[in-house]
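One structure is given here, and the rest of the page talks about it.
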Amino acid sequence: MKNLGFILFVTLLAMISCNSNYSEKKTKPEFVLVIHGGAGTILRENLSPEKEEAYLNKLNEALLAGENILKTGGSSLDAITEAILIMENSPLFNAGKGAVFSEEGIVEMDASIMDGRSTEAGAVAGVHTIKNPILAARAVMENSKHVLLTGDGADSFASKQGLEIVDSSYFFTEDRWKSYKKAKAENEIKKYGTVGAVALDSYGNLAAGTSTGGMTYKMKGRVGDSPIIGAGTYADNNTCAVSATGHGEFFIRNVVAYDISALMKYKELPLKEAADYVILDKLKNIGGSGGIIAVDHEGNYTMTFNTPGMYRGVVTSSGLIDVKIFGETEK
Ligand code: ASP
């Protein structure tokens, strides 16, 4: 009887200590939104203080717009769409308004989106009249039987969907034209950014989206990783949501976004380890420059890149908001 009392006492103590351990565990954030505006040779000495401020402000604006959706019970899909729209409408980033010019001096934009809940996806490639390619990618996912539409077919689908179609003059920016002229004179394809967003919403659903103008002076018809599901974009509620930026050919060959998800699924690696391995080890070793943003189903996130900088930012329901441009890969 005395023993039984002792056993009960010990059991009670164990239960109390388990409970306090539990409450000390990192609590799962209700929502997380991570965005990027492209990775590359982004050095402080090449960016004027005014330009730097403009980038930080625009990243903040995109985060706050997405946060507003997530904190009022909106979906991760809506939050990433809104954040990407804001970056597409800015001439600062290589997507939508600020898209770079291809060999023929026109824009050929790529975009994709994926819903982690259903693993449904939509994408467009080589479009040149759609104001917001991310909306076209979403329309492909939601209103067509297909995953990827290209060129004129994608442009006319977007028009039939009632999306805004613009004249080629809309995409003209002095900066991008200068870069195109330089690339043409040097006969050299230049790498140049992308925008993307990933989110976890309060229902536990993940989503990822990516939009880009690709590379300056790229060949007509060249398609990068951004509209390729598994390469530039991937989302699965069981693992993570990923959006990539960098030298697209390497990201396609290494199926980067899916590789990170697969390492989590089959090798049970934590998100950061999976992303570090793919970006800082595997890709870096073969000369594949770039980075990713990702969030997992528990709200852990990472912004991992092997370039000098990446325009990036994060906002979470615990009140964290942070935007950065330069420096090392962090958490
Ligand atoms: N990944 C994009 C592409 O290759 C470009 C970039 O992100 O810089 O089209």
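It should be emphasised that the depicted structure is a prediction, and the values quoted were computed from it without experimental measurement. For ligands, and for the atoms within them, numbers begin at 1 and follow the listed sequence.
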Hey, are the side chains of L263 and V278 touching, using non-hydrogen atoms and a 4.5 Å cut-off? yes

Any E273 side-chain heavy atom under 4.5 Å of Y277 side chain: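 No; the side chains remain at least 4.5 Å from each other.
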
If you measure from each non-hydrogen atom of R222 to ligand 1, which part falls under 4.0 Å: side chain, backbone, both or neither?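 Under 4.0 Å from ligand 1, R222 contributes side-chain atoms alone.
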
Under 3.5 Å donor-acceptor, N94 side chain and G214 backbone: yes

Quick one: CD1 on I279 to CE on M303, what's the gap to the nearest 0.5 Å?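 Rounded to the nearest 0.5 Å, the CD1-CE separation comes to 14.0 Å.
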
Which of the numbered atoms in ligand 1 are below 4.0 angstrom from a heavy atom of [X]?
| X | answer |
| --- | --- |
| T245 | 6 (C), 7 (O), 8 (O) |
| D225 | 1 (N), 2 (C), 3 (C), 4 (O) |
| G248 | 4 (O) |

N/O separation below 3.5 Å, G246 to ligand 1: yes

Does any N/O atom on A39 come nearer than 3.5 Å to any N/O atom on ligand 1?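 No, there is no polar N/O contact under 3.5 Å.
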
Is there a salt bridge (Lys or Arg N to Asp or Glu O under 4.0 Å) between R222 and E103 once you walk through the steps? CA-CA 10 Å; R222 178 263 188 188; E103 198 180 48; over 6 Å; no

With atom 6 (C) of ligand 1 as the reference point, say which of D110, N94, T194 has the nearest heavy atom. T194

Quick test: of every protein heavy atom, which one is nearest to atom 8 (O) of ligand 1, and how far off is it to 0.1 Å? G193 N, 2.9 Å

So F250 and H247, would you call those rings parallel, tilted or perpendicular, with 30° and 60° as cut-offs?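 Taking H247 first and then F250, their aromatic rings stand perpendicular (interplane angle over 60°).
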
